[in-house]
Every structure is written in C-alpha cells, then in structure tokens.
Student: 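Sharing a structure, written as structure tokens. Questions coming.
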Amino acid sequence: MIETHLSLLLVVIPLIAAPIVAILPNGRLPWLVTLLVSLSCLVLAIMQLWNVADGSIISYELGGWAPPWGIEYRIDVINAFVALLVAGVAAVTLPYALLSVEKEIPTKQISLFYSAFLLCLSGLLGITQTGDIFNLFVFLEISSLSSYALISLGKQRKALTAAYQYLFMGTIGATFILIGIGLAYAVTGTLNMADLAARLPEVEATRTLQTAFIFLLIGVAIKLAVFPLHLWLPNAYAYAPSVITIFLAATATKVAAYVLIRIIFTVFGASLAFQEMHIHWLLLPLASIAVISASLVAIFQYNIKRMLAYSSVAQIGYILLGIGIASATGLTASLLHLFNHALMKAALFMALGAVLYQVGSVALQDMAGLGRRMPWTMAAFVAGGLSLIGVPLTVGFISKLYLILAAFEQGWWWLIVVVAIGSLLAIVYIWRIVETAYFKPTSHSNVTEAPLSLLLPLWLIVIANFYFGIDTSLTVSVSESAANMLLGGKP
Amino acid sequence: MIEYILGHYNYWIVIFLMMTGFYIVISRGNMIKKIAGLNIFQVSVFLLYISIGNVRDGTAPIITEGFTVYSNPLPHVLILTAIVVGVATTSLALALVVRIREAYGTIEEDEIHNKDQSL
Amino acid sequence: MKSVSLFILSCLLWLLLSGHFEVLMLALGLASVILTVFLSLRMNIVDHESYPINLTFKVLRFFIFLWREIILANIDVVVRILKPGKTISPRLANVPLPQKTDLGRVIYANAITLTPGTVSVQLDKETVAVHALAQETVDDLQTGRMAKMVPEEQKDIGK
Amino acid sequence: MITDVLSWFCLVSGGLLGVVGGIGMHRFPDFYSRLHAAGTTDTLCAALFLLGLGLQAGLSLASAKLALIFVFLFFTSPTASHSVANAALHGGLKPLQDEHNKGDA
Amino acid sequence: MIDTILDVTLLAFIAVTAIAILRLRNLFAIIMLFGIFSLLSAGLFVVLDAADVAFTEAAVGAGISTVLLLATLALTKEHEEKIPSHRPWLPLLVVLVTGAALIYGTLDIAPFGSASAPAQTHVAPLYLEQGMAQTGVPNVVTGVLASYRGFDTLGEVTVIFTAGIAVLLLIGGRRRENQTRKEKE
Amino acid sequence: MTAEQAILLAILIPLIGALLIGLTGKKPNLRETVSLLTSITLLGTVLSLLPTVLDGQQPSVTLLEIAPGLAIRFDLEPLGMLFACVAALLWPINTLYSIGYMRGNNEQHQTRFYICFAIALSSTMGIAMAGNLLTLFICYEVLTLSTYPLVTHKGNEDALKAGRVYLGILLSTSIGFLLLAILWTWHLTGTLDFKAGGILAGKVAGPELIILLFLYMYGIGKAALMPIHRWLPAAMVAPTPVSALLHAVAVVKAGVFSVVKVVVYVFGLDMLKISAGADWILWLAGFTILVASIIALRQDNLKRRLAYSTISQLSYVILAIFILAPLSTVAAALHIAAHAFGKITLFFAAGSIYTAAHKTSISQLNGIGYRMPWTMTAFSIGAISMIGLPPTAGFLSKWYMLMGAFQEQQLFAVLVIVASTLLNAAYFIPIIYAAWFKQPKQDEHEHSHGEAPRAIVLALMITAALTLLLFFFPDVPLQLATSLTGGHS
Amino acid sequence: MKHNLILRVVSKILIPLIILFGLYVQFHGDFGPGGGFQAGVIFSSAFILYSLVFGLDTAEKIIPPPVLKVLASLGVLLYAGTGVASLLLGGNYLDYSVLAKTPLAGQHIGIIVIELGVGITVAAVMLIIFFAFAGRGRT
Amino acid sequence: MMFTVAMLAILITMGLALARALLGPTVYDRIAAVNMFGTKTVLLIAVFAFLSGRTDLLDIAIIYALINFIGVIAVLKLVEQGNFHTDGNNDKADTK
C-alpha cells in the first residue's frame, strides 16, 4: 500500500500530523512527533526518488478522478529530487531544533510552533509533488502563511516587520500567480500542468498566454526573491528564529526555483519562453546584477544572519543564470545548485544558530574569538563558507563548475566573469567572519562549545557538503536526467 | 471594434479595480489601508476568474430542471478556495499589524522604518 | 418549557428551509436542531425575553396595528421628502415609557423606530428619547396610543 | 392574474419608496433626520418588495425564505437604526433642532 | 439586457467605491467602504452566476474581514492615515505597466460570456454533464469542490487551520495570563 | 612500500603530524619533538621516491573522480620530485630554526603555528605531486588557507590587515582566474591531467590562447608577477620562519612551480613558441625583475628588501621558462631550488639578527658581522647566490638561463638578466659591506648581544652549506631538470 | 454594549436562528449554494454576535478556547481522515466511491463528512481568530 | 418585467446610498448609509433570484441580511466602546 500511495503520503503525513501536534501538550512530545514525521517523510522521499530515478513517471490520481478533471500528482525525477531535498533538510533540522526552539520560543507556544512547522513542510512538499497548477497555488499558500507566522516569532521586534514585509510581497506574488493561472485557464480551459503543456501549441501565439506566462513568472520571482523583488528576504531570514532560518533558507527558495523551472520548461516550454519571449534577456541580466549587488551588500552587513541572507539572494542569482542559459548543462547546474546551496546554507545557518544559542547574538563583533571558544561550530562555519565560495571538493564547486561549463558552451564570457566576481565577493564576506572569529581577541570569556544535539546535525550537513562535493555521481546524474527531461529529451 | 469593447468591458473594469487595489497596496504606508487594498486587489482577481467562467444566458451551476445552460463551475470552485486563502492572509496580516503596533507604537511604514534606523 | 418551544420552532424552520425529506436529511436536521437548542441553552439565551410564547395573541394584534402605523408614517415621510421647501422640523423629545418589563420596553422602542419619522435614540428606565422629524409625531407618541398596544406580561419575572 | 397585479403594485411602490428614501438621504440636513429617511423608509420598502416577490412565489420554499429574510430585516433594521442614533448621541453629535423646540433632551 | 445593466452598474459602483477607498484618509470610513466593496462584489458574483462564491464573499469579505479590520482598528487606535512624504511615482508606474500588461493579455481572451471559449469547452462540460451522475450532487460547484478537486479543498481547510495557528502564535498568547489575573482579583 | 603508497604517505605524514601536534599541544617539548620527527619522516619518504623517479618512472595514484575528467590524482614527475625534495629538505631545517626562533621570541599560539606549518607542508607535497590541474588547484588553495594564520600570527591590527591583503590577492586571483582557466581547459580538452607536450596543444589558438595564458599567469598569484605582487611584501609582518616558509620552501615556490608545470604540461613549449602571448609574459617578467630590484634598492627594512628581491627572483623563473628553450627550462627548474636555498639562508639570517639584536633595518647593521659571525657568513653566501656568482647555486641557474636566452636569441632576456644582476649586486653588496666593514654607531646600542640561539645558527649554517653544495654537486637536480624537457638539453 | 437592551433581546432571538441557518447551509451545500465553509462562517458569526452583545468573557465560557483549538484540529483530521479511510478501503486518497457499497452512495457520504470537517474547522478557526483579536489588549 | 423595474429602482437607491456613504460627512452617516446599502443589496439579490428563476439564491439574501446586521453591530460596538472585549452586560443598570 505504501508503495502505491507513496507520493501522496509524503504530503499527507505531515498534513495530518500538524493538527495532532497542535493539540498536544507543550513540551518535548510535539518535537518528537514532528521528528518522526519528518524522518518518515525522508524515507518516503528516498523511496520515491528510487522509483523514478530510471526516468519513469508516477501519476497519482487524487480522489480517483482522471486528470485533467481531478487533481493529479505527477512525479518525475525533478519532483522527487526537490522533495528529497525538502524532506532531508527537515529531517536534519529537527534534531537541531529541540534545544534551539526551547531557547527561542516561549514554552506555551511550542506545540503551535511545531504544528506550523509541519504545515510549512507539508506545503512545500505539496508544491513539489503536484501536477495541478492550482493545487500548487494552494500549497504555496499553506507554506507561505505558516512561514510568515514562523518568521514573526523571532525575538527582535524587527521580526514582525520582516514577516509583514514578506507577507505583503508574498501575497502580491501569490496574487500574480493567481492572475497567471486564470489567464492560462482562460485560453486553455485546463489546470493540469501536463494537459496545459499539451494544449498550449494551439494557442501559443496568443497575447493572453504570453501575459499569463509573464504574470506567473513575476509571481514566482517574488517568492524566489529574484532581484529586484528580493527585498523581503534579507530581513525575513535575519530575524526569524534560527531553526526557521535554516529550514526556509534551505528549502523555501529552492521550492520556488523548482516552480519556476516547472513553469518555464514543463508547462510553457522552452521554445515559448526563450525563442518567442526571450525571457533570458530579462533573467540573465537580473541574475547577474543579483549575484554581484547582493554579494556587495553582504560585505557591508554586521548582522551575520543578514549577511548570509544577502548571500542567498546572490546564490539565487546563480540558479537563475543556469535557468537563463536554458541548455542541458545550464539546467543541470541550476538543479545542482538547488541542492548544493541548500546544503551550504543549512550548514552556515546551523552554525550561526549554534552561535546564537551560546552567545545570544550574531553580530560580527560578538563573534570575536569564537574560533577558540566554539571550535567545532566555527570550523563548520568555515567549511560551509568554503563551500559557498566554491572551493573544490565542496558542493559549491560542483554547481559553479557546471554553470561555468554551460557558459563556455554558449561562449558567454561576461557570465563567467559574473560567476567569478560573485565567488570573489563571497571570499570577502566569509573571510570577515573567519578573521573575526579566529584572529581577534574574544570578548566572551565564559562561552563554551554548543551542545551536541546542535553540533551533530550541523556536522552531518557539513559532511554532506563535502561528500556531495566529492562523490557527485548521485546529484549529477539525477540533475542531468532531470535537465534532459525538462528539455524534452530522454533522461 | 464596438463589439470588441462590448465583449471585453467586463475584463477592463475588473482590471481597473485590480490596479486600484494594487496601487493602494504598493503606494500607501498605512498598514490597515494596505490590507484593505490587498483585499480589493484579490477580490478583483476573483472577479476576473468569475468573468472568465461566465456564460451568457447561463445560470448558476446548480443542476435544476428547466435550465440547460450553466456557467462554468470550475472558476467558482477555484475562487472559493482563493477567497479562503485571502481571508487567511488578511487575518494573519492584521494580527501582525496588531503586534507591530504594540511593538512600535505606530502602523505607518515610514515611521517604523525611521524607528528601525534610529536604533 | 421554553426550550421545548424553541425545539419545535426550530424543527419547523428546518423543514421550511430544507425542502428535502429523505431520511438522511431529516436525521441531520434533527441533529442540527438538537445542537441549536443545546447551544442556545448553554448561551443562556432562551428566556422570557426571546421566546414570549405566552403573548402570542397580543403580539399578533400589535403587529397589525404596527403595520398600519408604519404604512401611514411612511406616506408621511415620503411626502416630506418630496415636497419642495422646508418640510421638517427635527427635534429630540423624551417620551414616557410605561412598560414594566425589558421586553416591553424593547418592543415599544423598536416600534417607535420602525415607524418612520421617529427614532428612539436612547432608552432609559422611565422614558425613551425620541428623535422625530416633526412635532406632530412626537405629540402622537406622547398620547401613549402606541404604548398601550405593546404586548406585555403582567409582571416582570426573572430579572 | 390578480397576484400579478398585486405584485406589480408592491414592487413598484416598494421601488418608489426606496428611491424616495434615497433622495431623502440627500435632501435632509443632518444625520438624525437622514436616519429617518434611510432606516425607516427601508422597512416598508423591503417589506413591499418581499411581499411582491412572495406573491409571485406562492406557497413554496421560496416564500418561506422570503419570510425569513423579512424577519431578519424586521428585527435588524430598527435595531441598527436605534443603535446608530444612540451611538451618535453618545458620540456627541448634536441633532439639528428647531428653535421652538419643546423637547427637553 | 438587464443582466448587462446590472453588471455594468454594479461594476461602476465597485469602481467608485474603490476610488473612494483610495482617496479617503479616515481609516474607519475606509473599512466601512470596504464592507460595501465586498457586498457589491458579492452582488456581482450573484449576477455572474457564481452563487457559491457570492455566498462566501458575503460571509467572508463583508463579515469576517470587516469585523477583523474593525478589531484591528480598535487595537491600533489610529484613525487617520498619514500623508505619504514622497510622491509615489514608482508605484504608479508599476501599476500602469501591470495594468497595461493585463489589458494586453485580455485582448486575445474570448469575449465575455462566450460559451465557446476554451475555458468553457475543455474540462468544465464534463462536470456539468457527468457531475450529477458521478457524485450525486446537484450543486456542481459542491461536487467539484468536494470530490473532483477535493484535495484542493483539503488544502483550503489546511490554509484556514494554518491561519488559526498563525494568529494564535501571534496574538493568542496574552489572554491566559490576563484571565488568571482577573480571576485572582 | 611501493611508490604509490609513498606518494600518499608524503601527503599524509604532515597531516598526521599536524594531528599529533594538536594533541600534544599542551607539552611544548613533546610537541616540538613530534614536529621535528614528522619533518624528518617526510624527508625520508620523499627521498625514498627519488631513485624511482631518477629511473625515469612516473608513479601515479588516482584517488577519486568527481566528474568525468575531474579527478584527484597524484603523479610524480621529475620537476615535482625536485620541488618535493627541496621542500622536504628544508622543512626539518626550518622546524629546527622555528623552535629556536619561537622560543627565543616568546611567541603566542605556538601550537597553531606548528599545526598550520604541517598542513602547509602537506599541501606543498600535494602541489609537487599533483597529477592534474584540479589537484594542483585544491592543494594550492589549502596552502593559501593554511598559511593565512601564519601570516596573521601576531594577531594585531597590522597583521590582520596584511593577512587580508595576502588572502585577498591569493584567493581572488586563484578563484577568479586560475579556476576559470582550469575549467576552460577542461571544457576545451575534457581532461586536466598533465601531459608531456601540453594538453592544450593544438586545441586553442589566437587571442583565446593569449587570454588563457594570462588567466593562468595571473591566476597563479603566488608567482607574484607584477602587478599582483603586493601580498608578498605585506606578508612580511609574519614571524621569520614563516617568511622563510613563504619565500623559500612552500608558497612562492609553489607559484613558480605551478607556472612551470602549466607551461610545460598544459600549454607545451612548442605551442607557446608560435604564440605572441609568450612574448608578452616574457616582457612582463622582465619588467617585474627590474622594477622589483629597483624597489628593493630603496628599502631600508631588511625583510622588505628581501621580499622585493624574492619578487624579482621569482620572475627569473618565469622569464626563464618563457624563453622557451630547453636549456632555460632546466634553468627555471634549477632556479627554484637555488633560490630556495639562498633565500632561506637570507631569511634565517634576518631572523637571527632580529632574535639576537632586535634589529630590522639595514642601516642598523653596521659592524654586526663581528658580533654574529656565523649569521653574517651565511648571509653573505646567500646574497652571493642571489646575485648569481660562483661558487653558489645561483650562478648555476643564471648560467643556464643565459645560455637558453642566447640559444633562442632573446636579446631582451639577456639584457634583463645582465641588468638585474647588477641591481642585485647593488642592493646586497652594501649590506655585506656594512656588516663587515663599517663601524657600529656608538649611540644606538644599549645592550650587547652575541650570536643567536644555537638552533637558529645551526639551521642557517645548514642552508648556507646547501647553497654551496648545490653548486658543487648539481647532478641530481640537474638530472631531474633535464628529464623535464624530455632528456635532451 | 452600553445601551444594549434592544440589541440584547434581538440577539437572543436571532442567535438560534443563525445557528440553525448555519447548520442548514452546512447540510444543504449539495443542493443549493453553500457548504461547509459558508456554514462555518455563519456558525461562527452567531458566536461573534453573541460575544459582541454579551461580552467576550461570556462567549469564551460557552466555547472555551482550548476546545476551539481541538475542534479546529478535529475538522482537518476529519477531512484528511476521510482520505485515509478511502486509502484503507482500497481506493485512492479522497476517493469516496469506496466508502459505501455503491460509488454514488460513497460519494454522498464522503462529501457530507468532508463538508462537516470543513465546517467545523472554519467555524472554530474563525472564532479562534476573532477571540484572539477581541481579547487582545484586554486588561 | 416587473422584476426588471424593481431591480432598476433598487439600483438607483443603492447609488444614492453609496453616494451618502462616500460623502459622509460624519461616521454615523456612513454607518447608516452602509446599513441601508446592505438592506438594498439583500433586496437586489432576492429580486435577482426571481428574475433569473433561481429561488435557491435566496439563501444568499438571507446571509446578506445576517452579515449586514453583524457588521453594523460590530461597527457600533467599536464606535461606542473602542474595543471588542468589554463585557456587554455590566451596565444593565442603565435600564433598571
């Protein structure tokens, strides 16, 4: 039974668990349930990827109604890959969450907190699984709403304004998506993504369809924090509770990027997007500006969480560059970077979370001397930083490698220059912290290393950063077959 | 041309509404007004959907004897969901506004921005 | 007693609204009615104020009277609106409130409001402040013609 | 046939009442007097409409629902009018009164 | 014909209301007008045959949303919107561009009310023809909502649930303390 | 022990050493013993490989493959062997010296110092034995990172600032240019393995070749080709053993070594001969030699003068390789070794002076030769080697260089070598002269001092001896260097 | 409310009416406009009216907030549980046809149950939200 | 036909009420206008139900009446008390 309903259970288990967790008594029980749920999701996601790794497609008809009349879950390598990413990050974040959450969230809100976390997880997984564009919107909103609430739980009052800003931009984005869906529906009469794709050739030239496409793009771009629609992201990540920053930074934008890829390549098709509408002439410059400007801004941040958030904006730029190149290699690079960036940002934010846990601040000057006080944490931070820079043997290198290769294939020199500059800037902002942590005298004489339950997940992710940077067979092969599939070829 | 206008006037007014709401959202600094604007924006999108699903001389899609032409039920279903999403967003936004007011003493974005900067 | 009448009324209302008489729907209807009555009782809102079943006849009589008043008053206001020039001389007046129960006072005040030209503005123990469009209507109220028609129990029970 | 005529009458006079009430809302000088035009003319107007419709529907579910609407309006309209006026008075809005005012409020 | 008149008049009302909301600075008035806006759009939904949507919009827009807006107003105690310090040219530009894009997008859409539009001919007919037979529900909207697209509705319930959780997380906290304090007094 | 195992061991031994040093950090004596033992073990391991390479074999190990054509691979060829030998030979000496220096100056964070030193050596071995560009690059980066804490060892604001310059230039050039060039190469050829004759040969031409060449030359920032030489003088804030490590053993040597590797095995001499790009680099190298020498003339701080001297000496190697004659290639390889021995001697001497007399300026050195005879003798030998006079190793390499230049009729190169030799003399002779022949100024010393601690003196004597030995017994290095160009010279 | 006599009486009359109407909408969503969502809102509006007129504390005594939280969860679980039930009975998720002997009956039961779930959740959440807003700032 | 006429009349009335709601000038004017507007919408829906022959739309009219009422009450509560949590019954003394 599990085998046939695999793709569905992945979404429904956290969804069912959320209301149960909400009424559990505050304490460690909600955490335990959440942990178990996310672990089972991870198992399911692995099984799912296993099933579709050979290029097959699983179609699951919800309610037993055949698509396009009913809602369909349509799983191929791409979905499974992203779902695995989300479930994996959740599963690693949760062991970390236990202490961190107890420290940052009032006790009487614990069960609600985990409930919202599960809802967010369920929403993100729902987005990755579905083959119905409106269903996607619904789950997008589930994840968004819960993340607004979760972000607002940060200790500083700025968390409130950050959540508010995110809410507004996010809702405008969602409304744009809604408009896009509506217009697409008006000319095709269907909401099923595969069916949409099949019916599009008849209406490809219409202005309505072009508009629908643009609106969907802009909507998703807001959720993805594409420059210059990224304004919500730095604050949201900087002021959210540690666990939420880790989880969202590693998953939310990745899922949005997945949606973007889905919409461009599966639904509307590369030929409409790139040959008729030339969206790469919009995507590539924006992505390039994002890479450079966000990295530049990151250099001048004194709140390290905020700095990493700006770095996320830059990293999203890389993902977009890969999409904009629109070749098999470019897409592979994008998909790889989805995964790899999740790993590195999770590591970095986890390390920061541990610092916050022990020191109570993530301001640059408060990190002075931490290299000695918290050697494991800071070593992990350095490792994540190296990965972010793109040093070989780390995952960051692999995705940049493919990105540059894709640029070589096209002969786009300026793009390579952009990637190079981005990496250089990354060195600068990462090194500021390394320098402060290792080579400045400490101001906290009584700070000690973070507890083991924070360190273990952190190092697990750090090791993953290196493992997937060395043994790339899994990630590269999956990304490549996904890219080929998206471009319409055989995987 | 006239026919064309007559065939699309509904959409255009709806778009006008949408833009009014959108303008309120992005140009105003008062949070409550913004939320009202957001609702206007969303409701206008709902109207767009319903307009798309409307069939001339049709009737509400409740199967009843004596009627053969029904409007398209699918947009209705979608919009029902969208309305719910809308109210959920609104309530969350308002809750945030309440908290912001408690924390900052104002609900004007400019003033909040100034307070954040002055810290 | 009151809850029984509420139950019966609710059942009737359900049947009127529903128009479906399959077993399932009737069962659901019964459940709904029971829930309604339960909640009403829990809210403590089933009392002499809301269900004055012992006044049924008087209420009917009052209704007929009231509607006649409403129609007449409506015509009066319409004329005032349509006639050119200054047609109104608004004023605020206190009208005695002879009723002894809260319910009676409410019915009276509502009746005053329902008849155009007069709006009860404030209810006190002995008097009701009325805003009127013209002196005549106030005078009419002062006579207590309408007040006498208000159905009421003989003594204030409960409170 | 006869019901049709009655319906016509009810609907048309209801409509007229409504329009007149609407005009009154603009013609009268202050809030309190406008309230008379709005809230109260409303009552009969609504009643007439519902009656006209009810006549068309005959004895059916529809007329039951119309009756329900009527009950709602009948209770709520004066309540709302009263409350608004009450609130206005407490809110410090003075009614416009003629100088030969006999009232003692 | 009367449909069109209704449609146009209501749309005109809505447009007027929207502009008034934009122009007014008194938040209370804005909320009142917002209530009207919702009622009007709900009315329009009825005219456009979307009975269920109208039902919901009336309950939600004019009911819950308005009440919540009022509650927020009560809590924030601010009644006047402050005049923005700078002229919002950029928003205006963005809005105009978006509007233009949308108008451009509607140019190829089937005329309003057309029965032969793709939206009406592809998926929807099956619901209308088979829905009653397959789900036993005369209200096709309910049928689609609860059965064909039941999973969307599950999502919708989850959204609402999420909103409840979120609101509790945000402003549900202070109550218990106060209550206990009150009981002690 | 097979050669393959030995290669891996050569890389692992310093790492294990680093671990042990970390574990024994609390006990200074044990820690330093471990450090010394590790370095000697490494030397033994490397020397055990020498016969194999001299036999003309090329043992290689592939560790793992990241992507097709991207692997971690070690491959020991003659040039690498030469470099590895030099580094491994100098490490124990340097360690010896460090112990004296660090103790003599009561430096902080000594455990960190030794750990980083060991890691740096491990990566140097990795660079020497790298079988492809990727491995080279990774080790190159590890070397940069592990030397950073050494450069900023003092931890004060100056040191941090210098560290920023050091790291900024090295990392940004390597990631911005070198990595790019490597990926480009991979894109063009599908492989990164070093191959005699050059993997790029015939695959690239015209402006593309020139761009690629420049990317490589400026990507290898450790070669300090102007104008990206700034990190080298900046790094002078570091303790002297570190400067020795930077200038003689590992860092700059890794730079020029990489340049030689890239020119010989990636581009191939034959292809560069027909490209205009090579001439440009030649001119740049010549320019760097002259300008750096002139700047060195104007420095009063001894270590800074040595630093600019290094910049100019490094460009000799680049100049030599870009003469593109087999003879000059031999010269380049030899010069790596020669300069290593000479420069380390000079730095040791400078450190010795600092430790014993706390002097850093040249103008303070009047008459110091009599107080510190061993030190100044070694210094003189080193300086002579730098100038390129017999009987020192420096003469040997310069000689081959000139021969190569004549062979290729590179008049420019000849002129540069001659002019720079004069300049070298101009900035070294005055120091020697002052040390031995000038009277010390009476007012400036309050405390009398003698020779530096014994460990320091021992170390610098060994290196001075090596400088001389290399002149008299150049067989092994020469054999390694000549087999680099395919055996014909 | 301060001068609330009229309101109080009228509310007492209307509230049961509203509740009943809400339940009617709940169960007649199949036949006419309406359904769980609308019913939930109407149902909750009865309580909102109650709390407006009789005070928030009184209303919270009728339905204590913890109970509301449980109800909100219950509604979602009812809905999602229906899907699980259909899984267990061998159908796809939310395939009501397997819930009874004939598909049509199954659909009917399924729709009623999930609409009930929707109604419960919506009513409970609306009240949660309203209580949260109304109760904020209470001293 | 008669429904059409009725409809038009309602529309005109709504327009007038809307104008009053827009013009104000006091808050109470607006509330009253909104209330009247709501009532008229109820009638509009009711008439439309008959006009289109779908009497099941009357349910919508009912809910309009209801919501309108609650909305007005909420507004009044706010205007009078400035909050939503004050106990409504604590000043019954008023009427005693």
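Since the model is a prediction, treat every value here as computed from it, not as a measurement. Only heavy atoms go into these numbers, but all of them, side chains included; no hydrogens, no water, no symmetry mates. Just so it is clear: chains get the letters A, B, ... in the order the sequence lines come, proteins before strands, and each one is counted from 1.
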Student: Testing the basics here: between D/A37 and C/I81, what is the closest heavy-atom pair and its distance to 0.1 Å?
Tutor: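 For D/A37 versus C/I81, the nearest heavy atoms are CB-CD1, 4.1 Å.
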Student: Search all heavy atoms of C/L133 against all heavy atoms of D/S33 and return the closest pair with its distance.
Tutor: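 C/L133 and D/S33 have their closest heavy atoms at CD2-CB, 3.6 Å.
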Student: Can you tell me how far CG of C/L114 sits from NE2 of D/H82, rounded to the nearest 0.5 angstrom?
Tutor: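 Atom-to-atom, D/H82:NE2 and C/L114:CG are 12.5 Å apart.
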Student: Run D/V20 and C/V77 through side-chain contact (heavy atoms from CB on, under 4.5 Å) and show every step you take.
Tutor: CA-CA 9 Å; D/V20 170; C/V77 174; over 6 Å; no
Student: What part of C/L12 gets closer than 4.5 Å to chain D, counting heavy atoms only: side chain, backbone, both or neither?
Tutor: neither
Student: Does any heavy atom of chain C fall under 4.5 Å from the side chain of D/L16, the backbone, both, or neither of them?
Tutor: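 D/L16 has no heavy atom closer than 4.5 Å to chain C.
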Student: Quick one: what part of C/L13 sits under 4.5 Å from any heavy atom of chain D, side chain, backbone, both or neither?
Tutor: side chain
Student: Do you know the tightest heavy-atom contact between D/L17 and C/V78?
Tutor: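 Nearest pair, atom of D/L17 first, then C/V78: CD2-CG2, 3.3 Å.
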Student: So with a 6.0 Å cut-off around CZ of D/F9, is the heavy-atom count from everything else above 12?
Tutor: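 For D/F9, atom CZ is not crowded (no more than 12 foreign heavy atoms under 6.0 Å).
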Student: Could you grab the distance from atom CZ of D/F74 to atom CH2 of C/W67, nearest 0.5 Å is fine?
Tutor: 6.0 Å
Student: Of the non-hydrogen atoms in C/V121 and D/A85, which two are nearest, and what is the gap between them?
Tutor: CG1-O, 3.7 Å
Student: Write down the atom of D/R27, the atom of C/K83, and the distance for their closest heavy-atom approach.
Tutor: NH2-O, 2.8 Å
Student: Working to the nearest 0.5 angstrom, can you tell me the gap between D/S81 OG and C/I112 CD1?
Tutor: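 The distance works out to 13.0 Å.
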Student: Answer with side chain, backbone, both or neither: which region of C/A111 has an atom nearer than 4.5 Å to a non-hydrogen atom of chain D?
Tutor: neither
